[in-house]
Colleague: 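Dropping a structure here in structure tokens format, bear with me for questions.
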Amino acid sequence: MTTDLDELRDLEVLLPADVHVTDTVVRLTGGHDPASQLAIALAVRAPRLGHVCLDLDRIVRVGLAAEGHERIDVELPDLEPWLTAIAAAPSVRRSDEDRVSPLVLDDGRLYLDRYWRYEQRLVDGLRALLDRPPRDRDPSLVQELLDRLFPKPDDAQQRAAAEVATREALTVLTGGPGTGKTTTVVKLLATLWLSAGDAPPSIVVAAPTGKAAARLAEAVRQQADGLPVPPAAVAALRALPTSTLHRLLGWRPDAPTRFRHDRQNPLPNDIVVVDEASMASLPLMTKLVDALGPGGRLVLVGDRDQLASVDAGAVLSDICGPRGDDGASVGSRAAETIVTLTRFHRFGPASGIGAVARAVQREGTGPDDVLALFRGERTEPGGPDRYTDIALIDPARDATQPLPAPVLDHVVEGYAAAVSAAIADHDPLEVLAAFDRLRVLTALRRGPDGVEALTEMLGARIAAAVPVYEHDRPFPIGQPVLVTRNDHQLGLFNGDVGVVVRDPRDGRRRVAFPTAEGGVRLVAPARIPAAEPVFAMSVHKSQGSQFDEVVLVLPRRDSPLLSRELIYTGVTRAARQVTVVADAQVLHDALGRRVQRASGLTRRLWHPDAS
């Protein structure tokens with residue numbers, strides 16, 4: 001059994017910071033054996049890997065992996081004696097103990113105290129929403145509005161979502177890309193606005209990132225115009241304020257982990273709609289629910305099959321509960337608030353992107369079935385003989401040629417056109433749109449097929465294709481830029497993407513970012529807290545974005561980071577064309593692996609006897 005923390009650090013299972021924090025906890029509290037120290041170190045690293053806690057049973061069964069690499073052959077303690085040792089550690093308390101400690105042991109899960117409290121607060125807040133009495137509305141008016149806005153038999157799922165929203169304080173709308181989530185939200189909000197009578201509700205729509213918020217705002221404005229409702233309702237929907245979640249909650253420069261709006265100072269809005277809710281982490285969602293006013297209602301919109309947030313938690317998926325029939329007998333109150341859209345509108349029967357998305361979503365669909373779609377070995381009933389919008393290229397790659405020549409030439413040509421548009425001083429909105437026509441996505445940050453290597457290689461190739469592009473200087477005109485650290489005061493967040501342009505007013509170098517209102521704001525490069533070129537970006541960072549075409553590059557060897565959700569998210573970022581560059585076996589293994597983020601949220605919400 002290996003419990004030596006320095007050895008696990010050398011194996012890259014732990015970072016030096018994990019060992020340092022563990023050593024500090026042990027030094028301050030004393031009385032720890034090696035097994036409990038190991039558990040503390042793994043609990044410290046868990047949030048960095050997206051977990052809310054350390055699921056001890058699962059870690060014993062599945063084992064450990066190095067940071068972003070393959071699994072490590074490390075023998076762990078047996079579960080029962082390990083739990084006993086952890087419970088006896090001075091720095092750990094059981095969840096039913098009334099004392100302060102750095103860690104909490106709850107139903108076989110070891111939490112850092114902060115994350116255990118976040119989960120408890122979120123559960124309490126969601127239960128309060130679920131327990132709130134139905135809104136008092138005129139039933140005949142509601143039915144008339146639903147009949148008017150959802151007149152077709154195919155509208156049944158969308159209508160159900162609007163009906164839930166008129167009744168419940170919490171509504172969860174989930175579905176894949178192109179299933180009509182945004183259309184449903186617009187009609188849902190029209191129903192709520194019109195059924196409120198003489199006191200229309202105050203509504204705000206928000207998303208975790210500026211780009212996602214901007215896409216939602218534009219969609220709401222466009223779709224409001226076509227609704228069969230009075231002009232006043234159309235005008236109200238078009239004028240809805242749109243915001244990032246951080247801006248909505250009100251970042252406080254004096255306390256960066258807290259917001260201006262909280263339980264003591266709740267949001268003034270009657271209804272808060274959150275799009276791309278799968279991207280919201282446990283801490284952020286907890287603070288949002290905390291900040292809802294006494295009568296505030298919450299509408300969560302997203303895709304539970306998409307990758308979860310970059311930070312800790314998979315809140316949307318956890319709220320949606322067990323997959324398949326696993327939760328059918330539980331009878332959770334939460335189930336009454338969840339509507340899943342299953343009918344794809346964006347992708348018709350000829351779309352391979354849609355076929356892959358549907359196959360991944362279906363329970364019981366194995367990796368062989370999905371791989372056959374990519375290979376052109378089968379299509380869905382009613383589909384073409386072969387899909388033309390998806391392709392799997394399985395080349396022999398080396399370190400100097402991470403992309404096959406035809407794919408590389410196509411990518412460079414696409415990016416070069418966007419870079420040239422910026423250098424030619426096209427409108428910044430046009431330049432941003434040009435970069436959204438194509439994006440290279442990858443699973444890993446490092447390695448020959450990772451973000452760093454691909455971005456460097458593509459930057460050099462584009463400089464060769466566009467000689468005036470100054471690849472080697474900081475922030476050259478035409479370079480796409482990814483923000484890598486939050487700056488609440490500036491309103492830029494990890495994952496936001498902009499493009500370096502010349503300011504039309506004075507010719508100075510600026511980075512253009514899309515705004516939630518559908519415009520552009522220009523930021524001086526020196527003001528951006530941390531940024532990097534982004535000719536290739538991770539699938540995680542691409543969430544909330546949509547591109548005409550995606551080239552998805554997988555590593556040459558299997559990795560624990562590859563999963564069914566990652567493939568699904570990468571493929572569904574594309575509206576028109578997807579090329580997957582991967583070894584077929586690596587893709588197969590990824591399709592057979594689901595993301596499992598350790599959390600107790602589903603258990604607490606879906607099991608009435610859970611604490």
Side-chain angles (χ1 to χ4, degrees), residues 210-211 214-215 218 402-403 405-442 451-484 490 492 495-515 517-538 541-542 545-551 553 573-577 579:
K211 187 156 192 174
R215 288 182 60 231
E218 180 61 25
L403 292 175
V407 176
L408 178 58
D409 291 344
H410 177 67
V411 168
V412 170
E413 180 182 2
Y415 278 149
V419 169
S420 298
I423 293 173
D425 295 332
H426 288 200
D427 184 275
L429 263 180
E430 293 180 13
V431 176
L432 287 166
F435 273 105
D436 281 350
R437 295 191 185 109
L438 170 70
R439 192 60 49 88
V440 175
L441 304 180
T442 184
V451 168
E452 294 175 353
L454 283 169
T455 291
E456 178 60 31
M457 182 272 294
L458 288 170
R461 294 281 186 140
I462 292 162
V466 186
V468 292
Y469 174 61
E470 301 172 303
H471 169 58
D472 292 330
R473 71 168 290 175
F475 292 97
I477 300 296
Q479 183 181 82
V481 170
L482 175 75
V483 176
T484 58
L490 195 58
L492 292 177
D496 286 350
V497 174
V499 180
V500 183
V501 299
R502 271 182 285 266
D503 191 326
R505 297 163 298 187
D506 57 19
R508 293 185 178 180
R509 199 175 300 257
R510 295 288 185 264
V511 182
F513 291 96
T515 67
E517 296 73 30
V520 168
R521 66 184 181 121
L522 304 178
V523 179
R527 297 187 64 200
I528 299 174
E532 59 190 29
V534 67
F535 288 115
M537 71 189 303
S538 70
K541 293 290 180 71
S542 75
S545 299
Q546 194 77 50
F547 313 104
D548 288 348
E549 184 178 355
V550 161
V551 175
V553 183
R573 295 313 88 203
R576 186 174 56 82
Q577 183 73 40
T579 301

Colleague: Taking the side chain as every heavy atom from C-beta outward, state whether D436 and D548 have any atom pair closer than 4.5 Å.
Modeller: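 In short, these two side chains do not touch, never coming nearer than 4.5 Å.
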Colleague: Could you tell me whether D503 and R508 make a salt bridge, using a distance below 4.0 angstrom between a side-chain N and a carboxylate O?
Modeller: no
Colleague: Hey, are the side chains of F475 and V511 touching, using non-hydrogen atoms and a 4.5 Å cut-off?
Modeller: yes
Colleague: Could you tell me whether the side chain of E549 reaches within less than 4.5 Å of the side chain of H410, counting heavy atoms only?
Modeller: yes
Colleague: Is any side-chain heavy atom of H471 closer than 4.5 Å to one of I462?
Modeller: no
Colleague: Just wondering, more than 12 heavy atoms not from E532 lying within 6.0 Å of its CD?
Modeller: yes
Colleague: Please say whether more than 12 non-hydrogen atoms of neighbouring residues, nucleotides or ligands are located less than 6.0 Å from CZ in R527.
Modeller: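 Counting neighbours around CZ of R527, 12 or fewer heavy atoms of other residues, nucleotides or ligands fall under 6.0 Å, so no.
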Colleague: Taking all non-hydrogen atoms of both residues into account, name the closest pair between A418 and V431 and its distance.
Modeller: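 For A418 and V431, the tightest heavy-atom pair comes out as O-CG1, 4.3 Å.
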Colleague: Working to the nearest 0.5 Å, report the span between CZ of R509 and CZ of R502.
Modeller: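 So the gap between those two atoms works out to 7.5 Å.
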Colleague: Where is the tightest heavy-atom contact between V466 and A416, given as atom of each residue plus distance?
Modeller: CG2-CB, 3.7 Å
Colleague: On a heavy-atom basis, which atom in L438 and which in G414 lie closest, and how many Å separate them?
Modeller: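 Residues L438 and G414, closest heavy atoms: CD2-CA, 4.1 Å.
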Colleague: With rounding to the nearest 0.5 angstrom, report the CG to CG distance, L482 to D496.
Modeller: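 Rounded to the nearest 0.5 Å, the CG-CG separation comes to 8.5 Å.
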Colleague: Would you confirm whether T442, through its side chain, and V451, through its main-chain N or O, come within 3.5 Å as a donor-acceptor pair?
Modeller: no
Colleague: So does S545 get a backbone contact from the side chain of R573, meaning a donor-acceptor N/O pair under 3.5 Å?
Modeller: yes
Colleague: Search all heavy atoms of V501 against all heavy atoms of P428 and return the closest pair with its distance.
Modeller: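 Nearest pair, atom of V501 first, then P428: CG2-CG, 4.4 Å.
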Colleague: Below 30° counts as parallel, above 60° as perpendicular, anything between as tilted: where do the rings of Y469 and F535 land?
Modeller: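 If you compare the ring of Y469 with that of F535, the planes turn out perpendicular.
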Colleague: Would you say the side chain of L408 lies within less than 4.5 Å of the side chain of L458, judging by non-hydrogen atoms?
Modeller: yes
Colleague: Just by distance, do the side chain of T579 and the backbone of V551 share a donor-acceptor pair under 3.5 Å?
Modeller: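 No; zero donor-acceptor contacts below 3.5 Å.
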Colleague: Assess whether atom CZ of R473 is packed by more than 12 heavy atoms of other residues, nucleotides or ligands within 6.0 Å.
Modeller: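 Buried by this count: over 12 neighbours within 6.0 Å.
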Colleague: Restricting to non-hydrogen atoms, name the atom on A512 and the atom on L432 that form the minimum distance, rounded to 0.1 Å.
Modeller: O-CD2, 3.6 Å
Colleague: Please examine the side chains of V534 and V481, heavy atoms only from C-beta on, and report whether any two atoms are closer than 4.5 Å.
Modeller: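 No. Closest side-chain heavy atoms not under 4.5 Å.
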Colleague: Indicate yes or no: at least one non-hydrogen side-chain atom of M537 is less than 4.5 angstrom from one of L441.
Modeller: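 Of all side-chain heavy-atom pairs linking L441 with M537, at least one is under 4.5 Å.
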Colleague: With a 4.5 Å limit on heavy-atom distance, are the side chains of L454 and E456 in contact?
Modeller: no
Colleague: So, taking the atom named CZ in R461 and the one named CG in L403, what distance separates them when rounded to the nearest 0.5 Å?
Modeller: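 Between R461 CZ and L403 CG, I get 9.0 Å after rounding to 0.5 Å.
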Colleague: Looking at every non-hydrogen atom in both residues, tell me the closest pair between F435 and G478 and how far apart they are.
Modeller: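 Scanning both residues, the minimum pair turns out to be CZ-O, 3.1 Å.
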